[in-house]
Structure formats: C-alpha cells, structure tokens
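Step one of this worksheet: look at the structure below.
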Amino acid sequence: MWSTPHGGDRWRTSGCPLHTVQLVQNEAMYIVLGAADPAQEGTGSREGISLLRTDASGTPADGTEVLDRATLAGALRRIEEAEHPRWVWDRTRDWYPELLAAGVAVERCHDLTLCSAILRSSEFTAGTGYAANAERPVMDDPPPLQALPALPAAPDQDALFDDPAGPSGADLAAATDLLEELRRQLEAVRQSTHPGRLSLLLAAESAGALIAAEMQHAGVPWSTDVHEAVLEEYLGARPAGYQRPEKLEALAAELRAVLGAPALNPDSPQELMRALHRAGIEVKTTRSWELQQVHHPAVAPLLRYKKLSRLHTANGWAWLDAWVDGGRFRPEYVVGGVVSGRWASRGGGALQIPRQIRSAARADRGWKLIVADAAQLEPRVLVALAQDSTMAAAARGKDLYAGIAAQGFGGGDRAKAKGALLGAIYGATTGESGRLLPELTRTYPRAVGYVEAAAKEGARGGVVTTRLGRSCPPPSERWRQAQHTTSAEEQRRADALARSRGRFTRNFVVQGSAADWAACWLAELRRRLRAMPAQPEGRPELVFFLHDEVMVHAPEEAVPAVVEAVEASAAAAKELLFGRIPVEFPVSVAVVDSYDQAK
DNA sequence: ACCTTAGGCGCG
DNA sequence: AAAGCGCGCCTAAGGT
C-alpha cells in the first residue's frame, strides 16, 4: 500500500534504480580536454590539446597526452570507441559542433560550465562551499545572448579547428585547470544533501548539451516547396522586394475603406488605435482577443490581417531564406538558457513554430516522423512532487483533467478542472480559476499546498528548488531593498513585487521539475536510439525538442523500436526522478509523414 | 545611423 | 473564453 493516512514521506520515492538506466554511470572514466598546460608540457604552445585520463573520482589515471589539432577528431573517435569515456570540457558548444562536422559523435560528457551553474546556485550544495570557490574566469556565466553574434543558418563547418579565433582557439582553458574544476564539482556533489539527484541532473544536463548540438547538426527535415505553397495559399504570390503580399495588401485596403482612413498603416498600433476610435470602436488595446469582443465590420478583416501579417513577418519567405538550408531547419538550442532548466533557442524561433506551417516539416521518403509529447506533464509532476494520493487516483487514466472532473470537482466540468489546476500552478488570482481555488484546495490540499508553500517562500525572498536540485535565483538586491520601506505607497509596490516573485517560485518548482523529467526522458531516449542497429537508410535521429515534446526522424523499419524507446524512456525518467510511485507519465506518440499530422 | 523599449503574438 | 508562468521575434516608436 503506497498511501498512509497521515504525515511523513508517504510514498516510497527513494532508491532510484539507477542500475536499470545508464544515464549515470559512475564507473565511467573521465577524459578532460583542454589546452596543453605550458607549465607542465614545456611546449608553450596553445595550439595543442591536452588530454587527461582520470578514474570515476577524478583522480588522474596516468600522464597527460598532447594531441595535434589537425589529428584531434580522428584521435577522439578512436578513444571513444575503445574506452567509452565521459568527456569533460568547459563548454560542449565549443567542441561538439566541430566534432560532429568531422563525423565524430560521443556517448556522454560532463559540461563544466553548465554543471557549474547548477552547482553554484543549488540549495543541495549550499553547505559544501562550492559556490564560494567557483568564481573562476573559465566557469563564468556565458555572455548575455544579445552580446553573441547571430549565427547564420548553416554555420560553415568545413574546416575543423582551423579558425584561430574560434571558441576552441586561443581562449581554451588549460586541461589541468579543468581537471581541478571537475574534482571540485564531484566533491560538491558528494558532500551535497542529495548526491544521487544531483549527479543525475548533471548527467542529464550534459547529455542535453550533446543533444542540442546533434539536433542543430541534423536539423528538422523541412520542405521548402510545401512551405511556399502554404505561403501562397494564405498570402498570394511572393512579392518583389519588401512590398506587402497581395492578399495582405487587399485586406489593408479593405480596412482603410471600412474605417474611412485612406492612409492607414495597420502595422502601426498608434495609427490603428486612432482609426478605431474615430470609427467608434472603443478598445483599450489593439489585441486580437479584445477586438474579438467588438461587433463592427472592421473587426473581421483586421483580425485576418493580423493573423496573415504575423505569418508573413515571422515565418514567411524571409524566414525560409534565412533558416532553411539543404532541406533542413537548423535552429540553435540554448541549454541552460532558462533558469527553470528549460531550453531557450536563438534564431529561427524554434520554440514557436506556428501550426500553420507545420506541414512543411516532413519526413524523407521511406522515413517517418515520430512525434511524442508528455500528456499534461506539469500537473502530473505536481502530483508526484506533492505526493497527493487523491489527485494521483485522478491521474490513473490518460486524461488527468477528466479524472479530476470525474471525482466531482467543478461539478464534473473538465474545462473547469483544467482551468483551476493550471491556475494554481501559475498563480491565478482572478477570473474563474481564481474563484475555483478554494474548492481545489479543499479537494486536493497536498497538491495545492505544495505550490502555495513555494509561492510563500519566494514572496519572503527565499529560494526554491526542483526535484533534482536546480534552484531558482535569489531576489535582486533592489528587490530586497524594496521590501523594507515605511511609506504606504512604496509598501504597496513592495507587496506587488513580493506577489510577483511568489508566482515565479510557485511556477518554478513545477516547470523546473518538469524540465528535470524532460531532460532525463530525452537523455534516456538518445541512449536507446544510439544502441539501435543502423538500418540501410541510416539510423533514427532526434531532430526536435520542445519542453515536453520530441521529434525523431527514423527509417520506417525502425519505427516500432523508436516508439518503444520513447515510451520506455518516459517510464525510466519517472523512476529516476521519483522512484516507483503510483503516478503515470503517459506519452502520446504519433507516427506521421509531417508535423501537422501529429495532434 | 544606431540602440532600446513596448506592443503584440507565436509556442509550451 | 482568458488571467497567471516561461520563452523569441517582429515592427513601430522613442530614444541617443
């Protein structure tokens, strides 16, 4: 029986069966890659790559080896095949794209920069002194995204390591320094309050860095023809230069006529607002949802214009020119780009591919897309975190919200159940979900209590932590200053700031733990895909990942095995995070020719 | 001529 | 049907 009437750790969540899943392999040998250390090697050359072997505790196994840049890729391939090490480097994104371009893939790594960021802020390592010692130039935060030059659609990867100004060039850290940092990190994990969870998180994060580079290398198979056909259908023929497409211009003309504003530029919110007011349409903003409430002949063409204009500017011909090359869409994924552990992206809007154009993402002939997403991931993660037995019972089926409604919540209305639960996770205060919160709290005190506690901790300036140990940033100095004030006016501002931070931390524990789960899912799936035998056409490849959704491009013969791997990996991720608990994390899997056919 | 911010909207 | 979380990217608008 997994449910006991009161208190304590009611579910057995310890004893993650790490041996069943090889995400974390402690027996793996580490090989540190960095610059040859001039002091030790006496070469004085920064061109050489130094390679240090260590055992699983970070103790050097034998002497260093210095590799020539020109022969590096070949040497790494041989070592990878013979020794299956865990490669250690400062930043995966500095090494791996070039290795992939040279045809070298590695099984696993330890990304010192990403792991450093986690360990520095994690509450689990607060007592280890790691944070105080980690302030070293090589482990500094990556520069802000705006400071980085935008990448072209397909980075020129012809020449391996021949760019002296490249990231693995002159600023490469000495391997001996990196080894020292690795040992500090391993020690921090050992001394932490949850070594098992943290080592899992570091392994998953590092695997994510490998996967991000591999996905950018592979790209999403993308049909320019299909995309252009969609654009022509919605917008008309491709315009010359920077003109509006035909159908967009026609809508603009209609709008000008209906509003009696012959010079109106509908792209200008200010002009649009004035024209709407002159026509007697009293809106406070020009947002679509507000316009939808209004009955006026201008509304329909305006909404249509906005929709098409969005398609044209965000994912039109210019987007195709910039981001699709050689039949592949190659966005850049930024692992560690979101504090919650989600990935960010840069270029091409990879996290916002609109439904309108998803038909252009299509499998090669003889191949399929396997599109899988975790059903209602965040609510299920909350159930597991909070160990809410009542809600777990509602989560037995495939549809958690229907299960909650079936337990009588909201008068059995599924939409109300969904709204209330998501509202609790996001911190809604008004509207229907706000009104339903008391009932939700009465019915599921543990689940609601869990996010309420996180909100309370954040509002008082505290830090909260995900299941595997990723902690949110502390409040800024300005936030803390604002909290003790005397004037009533400033106190209201301070309270608003406190509530805002509360909503952030409330959501952080759920979104971040869901990201923990997804990272393990993805890493385990990659491991299983790599273990599959190659088909004559090639082997399955991960081509896309979006928070709780993955896409695999695979030869048809491999499809059943891929589907099985997707599902097994989801089950494995659950056990890795929570052990054997009575909560399922079902994935819905679609085998399709194009992305739009999936849900 | 550039850079930043705001409004708006796409995705989860 | 929309407020409450996390993002990126577009244009217009308001700076310097």
Side-chain angles (χ1 to χ4, degrees), chain A residues 144-147 150 242 244 265-273 283-293 302-303 305-316 318-319 322-323 331-334 336-358 373-379 381-382 413 415-416 418-437 451 454-455 458 464 466 472-473 496 499-515 518 544-550 595 599:
Chain A
L145 297 188
Q146 298 87 336
Y242 291 94
R244 278 200 188 91
N265 170 16
D267 294 328
S268 162
Q270 292 183 358
E271 284 185 42
L272 186 56
M273 188 74 97
V283 283
K284 286 208 278 292
T285 71
T286 62
R287 291 198 185 106
S288 291
W289 67 263
E290 195 179 347
L291 290 164
Q292 275 163 20
Q293 321 294 323
L302 179 51
L303 292 175
Y305 179 90
K306 281 171 166 285
K307 193 79 182 165
L308 295 187
S309 170
R310 168 83 192 184
L311 173 64
H312 177 234
T313 56
N315 296 100
W319 183 90
W323 297 107
E332 182 183 4
Y333 300 91
V334 186
V338 184
V339 287
S340 67
R342 279 184 171 185
W343 294 9
S345 79
R346 179 160 51 220
L351 274 43
Q352 37 182 144
I353 301 173
R355 296 188 178 280
Q356 283 166 307
I357 62 165
R358 292 189 178 184
D373 79 285
Q376 304 151 348
L377 178 58
E378 292 194 355
V381 163
L382 175 56
D413 184 340
K416 282 189 178 174
K418 179 179 180 180
L421 187 49
L422 291 179
I425 292 173
Y426 291 148
T429 52
T430 61
E432 180 158 68
S433 62
R435 283 195 301 279
L436 286 167
L437 191 60
V451 285
V464 296
T466 68
C472 75
R499 282 194 302 275
S500 173
R501 181 171 168 81
R503 286 192 301 274
F504 165 64
T505 53
R506 167 198 294 271
N507 185 254
F508 181 93
V509 292
V510 178
Q511 184 187 113
S513 297
F544 189 65
F545 170 61
L546 180 57
H547 309 325
D548 59 358
E549 179 180 335
V550 300
Y595 191 16
K599 199 162 60 125

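Chain identifiers are assigned alphabetically (A, B, ...) following the order of the sequence lines, protein sequences preceding nucleic acid strands; residue numbering begins at 1 within each chain. Bear in mind the structure is a predicted one, so any value in this text is a computation, not a measurement.
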Take atom [atom1] of [X] and atom [atom2] of [N], then tell me their distance rounded to the nearest Å.
X: A:L422; N: C:dA1; atom1: CG; atom2: P; result: 17 Å
X: A:L308; N: C:dC10; atom1: CG; atom2: C1'; result: 15 Å
X: A:H547; N: B:dG10; atom1: NE2; atom2: C1'; result: 11 Å
X: A:E271; N: C:dT11; atom1: CD; atom2: C1'; result: 12 Å
X: A:H312; N: C:dC9; atom1: NE2; atom2: P; result: 18 Å
X: A:L311; N: C:dC9; atom1: CG; atom2: P; result: 17 Å
X: A:F508; N: C:dG4; atom1: CZ; atom2: C1'; result: 18 Å
X: A:R499; N: C:dC5; atom1: CZ; atom2: P; result: 12 Å

Looking for any heavy atom pair under 4.0 Å, which part of the strands does [X] touch: base, sugar-phosphate only, or nothing?
X: A:R435; value: nothing
X: A:R342; value: base
X: A:D373; value: nothing
X: A:G419; value: nothing
X: A:I353; value: sugar-phosphate
X: A:Q293; value: sugar-phosphate
X: A:G349; value: sugar-phosphate
X: A:L351; value: base

Answer yes or no: is there a side-chain heavy-atom contact under 4.5 Å between [X] and [Y]?
X: A:C472; Y: A:R501; result: yes
X: A:T466; Y: A:V509; result: no
X: A:L272; Y: A:L302; result: yes
X: A:I357; Y: A:P354; result: yes

With sequence neighbours excluded, residues passing ring-ring contact (aromatic ring centres under 6.0 Å, His included) with A:Y333: A:W343
Residue list, ring-ring contact (aromatic ring centres under 6.0 Å, His included) with A:F504, at least two apart or on another chain: A:F508
For [X], enumerate each residue passing the side chain to side chain contact (heavy atoms under 4.5 Å, CB included) test, keeping only those at least two apart in sequence or located in another chain.
X: A:V451; result: A:L382, A:R506, A:V510
X: A:R287; result: A:T285, A:W289
X: A:A514; result: A:L377, A:E378, A:V381
X: A:D267; result: A:R244, A:N265, A:Y305, A:S309

Closest-nucleotide ordering on DNA chain C, the 5'-leading residue of A:N507 and A:G347: A:N507
Upstream residue (5' side of DNA chain C) when A:S500 and A:A415 are each assigned their closest nucleotide: A:A415
Between the protein and nucleotides 14-16 of chain C, list the N/O to N/O atom pairs that are separated by less than 3.5 angstrom.
unit_1, atom_1, unit_2, atom_2, d
C:dG14, OP1, A:Q270, NE2, 3.1

Bracket string, DNA chain C, 5' to 3' - pairs by Watson-Crick or G-U geometry under 3.5 Å, | interstrand: ....||||||||||||
side-chain hydrogen bond (donor to acceptor under 3.5 Å, both in side chains) against A:D373, all qualifying residues, sequence neighbours excluded: A:S588
Test side-chain hydrogen bond (donor to acceptor under 3.5 Å, both in side chains) applied to A:N315 - qualifying residues, sequence neighbours left out: none
Nearest listed nucleotide, side chain of [X], among [options]:
X: A:F504; options: B:dG10, B:dG12, C:dG6; value: C:dG6
X: A:E549; options: C:dA1, C:dG4, B:dG12; value: B:dG12
X: A:T313; options: B:dG12, C:dT11, C:dC5; value: C:dT11

Think [X] has a side-chain N or O under 4.0 angstrom from the OP1 or OP2 of [N]?
X: A:N315; N: B:dG10; value: no
X: A:S309; N: C:dT11; value: no
X: A:R355; N: B:dG12; value: yes

Per-nucleotide protein contact string for nucleotides 3-9 of chain B (B base, S sugar-phosphate only, - none; heavy atom under 4.0 Å): -----BB
Salt bridge (Lys or Arg N to Asp or Glu O under 4.0 Å) pairs, two or more places apart, involving residues 305-315 of chain A: none
